[in-house]
Amino acid sequence: MSDATDPWLIVGLGNPGPEFAANRHNVGFMVADLLATRIGGKFKRAQKAQAQVVEGRVGPPGPLSRRVVLVKPLSYMNLSGGPVTALRDFYKVPTDHVVAVHDELDIDYGTLRLKLGGGDNGHNGLKSMTKAMGPDYHRVRFGIGRPPGRMQVADFVLKDFSSGERKELGYLVDRAADAVEALVAEGLERAQSAYNS
């Protein structure tokens with residue numbers, strides 16, 4: 001069982017490379033980038049895994065401050081489990097202190113849902129993480145809604161946010177980063193009551 005001194009591994013899920021940077025599927029990277037800015041760190045290549053990492057602390061100074069390792073896997077979404085598990089083991093992070101931040105099709109755009117465990121709902125990043133370490137990690141699910149008309153899911157998630165969506169995106173990414181910090185510093189129930197909408 002984990003305790004308050006254990007570090008947290010916060011994983012933004014996405015695909016590496018500039019061509020994917022603004023895709024819906026990369027909202028996890030966007031949240032991780034904002035968290036890195038907040039803790040005053042820059043992502044650097046991990047020695048132990050195919051990923052970029054930043055180490056720091058989140059939460060208010062004092063007893064609620066938590067040590068975190070922010071992670072952006074560089075393995076492409078469907079292979080995220082390998083780098084995440086390698087880093088979990090290297091930093092000695094209990095699985096219930098791993099947080100995956102990811103896009104979620106079955107939630108309206110901009111809606112957040114936080115939970116511990118559960119299925120992967122067809123999300124390849126979660127599928128890979130669950131296969132590598134089991135399902136008992138936290139998720140911060142960022143709603144992107146369903147594709148319009150007959151557009152295929154794969155095409156939809158690999159497209160950039162629409163111009164209408166982009167108007168709110170900065171605020172929503174900021175709110176998702178707040179939710180991650182609340183989860184780590186105050187626990188799941190308090191974070192859910194503040195951010196699950």
Side-chain angles (χ1 to χ4, degrees), residues 2 6-36 41-56 58 68-107 112-144 152-161 173 176-177 179-180 183-184 188:
S2 53
D6 287 320
W8 287 76
L9 202 67
I10 298 168
V11 182
L13 288 176
N15 287 308
E19 69 273 31
F20 299 110
N23 289 179
R24 292 180 176 94
H25 223 18
N26 270 44
V27 75
F29 273 19
M30 296 173 198
V31 174
D33 285 336
L34 178 57
L35 287 166
K42 283 201 179 352
F43 276 100
K44 59 184 188 295
R45 189 70 191 248
Q47 305 251 304
K48 301 291 177 188
Q50 194 180 358
Q52 291 181 315
V53 295
V54 179
E55 296 180 54
V58 303
V68 297
V69 181
L70 305 176
V71 179
K72 295 196 299 185
L74 296 176
S75 55
Y76 291 101
M77 184 71 85
N78 60 342
L79 298 171
S80 302
V84 172
T85 304
L87 291 167
R88 179 200 65 173
D89 294 347
F90 175 71
Y91 288 103
K92 298 180 171 56
V93 177
T95 301
D96 68 350
H97 273 211
V98 176
V99 181
V101 185
H102 64 92
D103 57 305
E104 177 62 65
L105 285 159
D106 285 339
I107 303 175
L112 290 177
R113 292 264 199 288
L114 286 70
K115 69 174 191 170
L116 173 62
D120 58 55
N121 208 19
H123 191 288
N124 287 332
L126 297 181
K127 199 175 288 185
S128 179
M129 284 179 62
T130 297
K131 185 176 177 189
M133 62 184 185
D136 299 326
Y137 54 92
H138 286 88
R139 298 99 191 278
V140 174
R141 304 156 73 206
F142 186 109
I144 60 168
Q152 294 296 309
V153 164
D155 295 333
F156 179 69
V157 299
L158 293 175
K159 280 201 176 350
D160 291 358
F161 286 99
V173 167
V180 171
L183 168 61
V184 168
L188 180 61

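Scope of the values below: all heavy atoms of this structure, side chains included, with no hydrogens, waters or symmetry mates. Start at 1 with the first residue, then count along the sequence. Since the model is a prediction, treat every value here as computed from it, not as a measurement.
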As a quick check of understanding, evaluate side chain to side chain contact (heavy atoms under 4.5 Å, CB included) for V101 and V180, giving each step before the final call. CA-CA 8 Å; V101 185; V180 171; 3.8 Å; yes

From NZ (K131) to CG (L126), nearest 0.5 Å: 14.5 Å

Test L79 against Q50 for side chain to side chain contact (heavy atoms under 4.5 Å, CB included), laying out the working first. CA-CA 10 Å; L79 298 171; Q50 194 180 358; over 6 Å; no

Non-hydrogen side-chain atoms of Y91 and E55 separated by less than 4.5 Å: yes

Heavy-atom side-chain contact between V71 and I10 under 4.5 Å: no

Heavy-atom pair with the smallest gap, counting every atom of T85 and A132: OG1-CB, 3.2 Å

S80 (side chain) donor-acceptor with M77 (main chain) under 3.5 angstrom: yes

Quick one, L87 and V53 - any side-chain contact, counting heavy atoms below 4.5 Å? yes

The reported gap from CZ in R24 to CG in D155 (rounded to nearest 0.5 angstrom) is 11.0 Å

Measure the shortest side-chain to side-chain distance between K127 and N78 over non-hydrogen atoms and say whether it is less than 4.5 angstrom. no

Taking the side chain as C-beta and beyond, is there a heavy-atom pair between V184 and V68 under 4.5 Å? yes

Atom OH of Y76 and atom NE2 of H25: how far apart are they, to the nearest 0.5 Å? 12.5 Å

Which class fits the ring pair F161 and F142: parallel under 30°, tilted 30 to 60°, perpendicular over 60°? perpendicular

Between CG on residue D33 and CD on residue Q52, distance to nearest 0.5 Å: 8.5 Å

So OG1 of T130 and OH of Y137: to nearest 0.5 Å the spacing works out to 3.0 Å

Is there side-chain contact between H138 and L114, with heavy atoms separated by less than 4.5 Å? no

Within 6.0 Å of CD in E19, more than 12 heavy atoms from elsewhere: yes

Could you pull out the closest heavy-atom pair between A86 and A49, with the gap in Å? CB-CB, 4.0 Å

Taking 4.0 angstrom as the limit, do D89 and K48 come out as a salt bridge? no

I need the minimum non-hydrogen distance between P83 and S75, along with the two atoms involved. CG-OG, 3.5 Å

Going by heavy atoms in the side chains, are N121 and L105 under 4.5 Å from each other? no

Scanning both residues in full, the closest heavy-atom pair of L70 with A36 reads CD1-N, 3.3 Å

Given side chains that start at C-beta, do those of H102 and R141 come closer than 4.5 Å, heavy atoms only? yes

E104 backbone acceptor or donor facing R113 side chain under 3.5 Å: no

First locate atom CZ of F90, then atom CG of L9, and finally report the distance between them rounded to the nearest 0.5 Å. 11.5 Å

Look at the aromatic rings of H97 and W8 and report parallel, tilted or perpendicular, splitting at 30° and 60°. parallel

Using a distance-only test with no angle check, is there a side-chain donor-acceptor pair under 3.5 angstrom linking N23 and N15? no

Closest heavy-atom contact between G14 and N26? CA-OD1, 3.5 Å

